[in-house]
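All of these numbers come straight from a predicted model, not from anything done at the bench. In what follows, every heavy atom counts, from backbone to side chain, and hydrogens, waters and symmetry copies are set aside.
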Amino acid sequence: MATTQRDLTIHDTVRMEPPVPVRAATAAWFLAVGAGVAESVLGVIGALAGSMAWPALVAQIAFRAIVYGGVFVVIDRYFRLGRNWSRHLLAVLLGVIGMATLIVGPIHWLVSNGDFDAIDVSADFVAFAMIRSIHVMAVITGVVLMYQPDANRWFKRS
């Protein structure tokens, strides 16, 4: 019976796995990107039902595709592998700017009107609210996890 095991040589590399907080933060960031894509899909469906001009809709879709695609690459190719700059980039782009875009609308509505009786609790509203809640929680979770002590050691090791 032949075995498939072999001894490591000088030419083999041993790849360290990221610590649990980094793996969990990676999952949280991918969840945040997925929630952003889902929100965009709901927005496109709403825009198609409304009277949004086609060029504006296509521009929005293109912009979001570039942003989500770029963030996905940063998470997958750099953050997950421990590039420290990617952690700070995600903290600023998603943790600060992205979070601001997620909460400005609801806060503005609450401050200016805040009439909960005026909310049309339709299936669209519930779906959007659930996805937005998941999106916000994923961003908060990603930021908190990527600055845990084990994550700090992972990102500063090189």
Side-chain angles (χ1 to χ4, degrees), residues 15 17-148 150-152 154-156 158:
R15 189 173 186 176
E17 285 294 315
V20 172
V22 174
R23 288 185 302 216
T26 301
W29 287 127
F30 282 140
L31 180 61
V33 170
V37 170
E39 283 183 38
S40 295
V41 168
L42 288 178
V44 167
I45 292 169
L48 291 174
S51 61
M52 186 174 198
W54 279 97
L57 181 60
V58 170
Q60 278 288 323
I61 292 170
F63 175 75
R64 289 172 188 267
I66 291 168
V67 169
Y68 293 138
V71 168
F72 185 90
V73 168
V74 168
I75 295 165
D76 186 51
R77 296 285 181 181
Y78 302 104
F79 176 79
R80 189 172 53 86
L81 300 178
R83 304 296 186 269
N84 200 31
W85 64 264
S86 66
R87 173 169 69 153
H88 302 306
L89 180 72
L90 290 173
V92 171
L93 288 182
L94 301 182
V96 177
I97 297 169
M99 183 61 81
T101 65
L102 293 175
I103 63 174
V104 159
I107 289 174
H108 181 265
W109 172 83
L110 189 61
V111 170
S112 66
N113 182 358
D115 185 9
F116 288 96
D117 293 332
I119 296 175
D120 177 24
V121 184
S122 63
D124 293 341
F125 175 81
V126 171
F128 187 81
M130 287 176 53
I131 292 169
R132 176 62 58 95
S133 298
I134 291 167
H135 196 164
V136 168
M137 292 309 299
V139 170
I140 292 169
T141 301
V143 170
V144 168
L145 287 172
M146 71 182 183
Y147 287 103
Q148 294 298 306
D150 284 346
N152 289 337
W154 172 256
F155 284 104
K156 303 225 181 203
S158 51

Between Phe30 and Ile75, is any pair of side-chain heavy atoms under 4.5 Å apart?
yes
Correct closest heavy-atom pair for Leu145 and Ala24 would be CD1-CB, 3.5 Å
Among residues at least two apart in sequence or on other chains, which ones pass salt bridge (Lys or Arg N to Asp or Glu O under 4.0 Å) with Arg132?
Glu39
Please identify each residue that fulfils side chain to side chain contact (heavy atoms under 4.5 Å, CB included) with Val96, with sequence neighbours left out.
none
Contacts under 3.5 angstrom, residues 48-59 side chains, donor-acceptor by atom type, not counting sequence neighbours:
none

Could you work out, with side chain to side chain contact (heavy atoms under 4.5 Å, CB included) as the rule, every residue matching Val126, not counting sequence neighbours?
Val121, Met130
Which residues pass the ring pair (Phe, Tyr, Trp, His ring centres under 6.0 Å) test with Tyr78, sequence neighbours left out?
Trp85
Testing the basics here: between Ala35 and Ile131, what is the closest heavy-atom pair and its distance to 0.1 Å?
O-CG2, 3.4 Å
State which residues pass side chain to side chain contact (heavy atoms under 4.5 Å, CB included) with Asp124; sequence neighbours excluded, sorted by chain then number.
Ser122
Just so I know, are the side chains of Asp150 and Val20 near enough to count as touching, which here means a heavy-atom distance under 4.5 Å?
no
In sequence, state the C-alpha distance, the side-chain angles, and the governing distance for Val143 and Leu94, and then conclude on side-chain contact (heavy atoms from CB on, under 4.5 Å).
CA-CA 9 Å; Val143 170; Leu94 301 182; over 6 Å; no
Provide the full list of side chain to side chain donor-acceptor pair (under 3.5 Å) pairs with a residue in residues 138-148, sequence neighbours left out, each pair given once.
His88-Tyr147
Please round to the nearest 0.5 Å and tell me the distance separating atom OG of Ser86 and atom CG of Leu93.
11.0 Å
Sequence neighbours left out, what pairs pass side chain to side chain donor-acceptor pair (under 3.5 Å) with at least one residue falling in residues 92-106?
none
How far does CG of Leu81 sit from CH2 of Trp154, to the nearest 0.5 angstrom?
7.0 Å
Write out all pairs satisfying side chain to side chain donor-acceptor pair (under 3.5 Å) with one or both partners inside residues 19-38, taking only residues at least two apart or from two chains.
none
Just grab all the salt bridge (Lys or Arg N to Asp or Glu O under 4.0 Å) pairs involving residues 46-70, residues at least two apart or on different chains.
none
Answer yes or no: is there a side-chain heavy-atom contact under 4.5 Å between Ile140 and Met99?
yes
Hey, what do you get for CE (Met146) to CG (Leu90), rounding to the nearest 0.5 Å?
5.5 Å
Could you pull out all residues at least two apart from Tyr68 that satisfy ring pair (Phe, Tyr, Trp, His ring centres under 6.0 Å)?
none
Residues that Ala138 engages under side chain to side chain contact (heavy atoms under 4.5 Å, CB included), provided they are two or more places apart
Leu31, Ala32
